[in-house]
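What's counted below: heavy atoms across the whole structure, side chains too, no hydrogens, waters or symmetry copies. None of these values were measured; they are calculated from a predicted model.
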Amino acid sequence: MSKNDVLLQIERLRKELNEQYKTQASITPELVELSVRLDHLLNKLHLHP
């Protein structure tokens with residue numbers, strides 16, 4: 001997976017998270033899952049500069 005692929009996935013997840021935060025009053029398991037996925041992608045970027 002290239003750095004650009006990871007960046008695109010991060011951007012998609014950020015948009016999805018932001019949309020869900022707007023529509024939900026509380027943190028749901030889905031939001032936690034998206035946050036975890038975003039963390040994993042960010043870690044991949046840091047591991048492979």
Side-chain angles (χ1 to χ4, degrees):
M1 183 180 299
S2 76
K3 188 172 183 174
N4 277 345
D5 292 336
V6 174
L7 288 171
L8 286 172
Q9 285 187 0
I10 288 171
E11 189 59 34
R12 256 185 254 126
L13 283 174
R14 280 187 178 154
K15 286 180 182 177
E16 191 175 337
L17 265 175
N18 287 337
E19 288 303 310
Q20 288 197 27
Y21 278 132
K22 288 177 192 174
T23 60
Q24 298 181 19
S26 62
I27 296 175
T28 63
E30 291 81 15
L31 289 177
V32 172
E33 180 187 341
L34 284 173
S35 293
V36 168
R37 287 172 54 200
L38 187 57
D39 285 344
H40 284 288
L41 289 171
L42 288 169
N43 287 336
K44 281 185 184 182
L45 273 184
H46 291 296
L47 292 174
H48 307 287

query = Closest approach of Ser26 and Leu31, non-hydrogen atoms and distance?
reply = O-CD1, 3.8 Å

note = Rounding to 0.5 Å, atoms CG (Leu34) and CD (Glu16) come to a distance of 4.5 Å

task = Look up atom CZ in Arg37 and atom NE2 in His40, then write down how far apart they are to the nearest 0.5 Å.
result = 10.5 Å

request  = Side-chain contact test, heavy atoms from C-beta onward, threshold under 4.5 Å: evaluate it for Leu13 versus Leu17 and give yes or no.
outcome  = no

4.5 Å side-chain heavy-atom contact, Glu19 and Lys22 = yes

inquiry  = If I take atom OG1 from residue Thr28 and atom CD from residue Gln20, how far apart are they, to the nearest 0.5 angstrom?
reply    = 6.0 Å

key: Neighbour count above 12 (heavy atom, 6.0 Å) for Leu8 CG   = yes

Minimum heavy-atom distance Leu41-Val6, with the two atoms named = O-CG1, 3.5 Å

inquiry  = Let me confirm one number: the CG-NZ distance from Asp5 to Lys44, rounded to the nearest 0.5 Å.
reply    = 10.0 Å

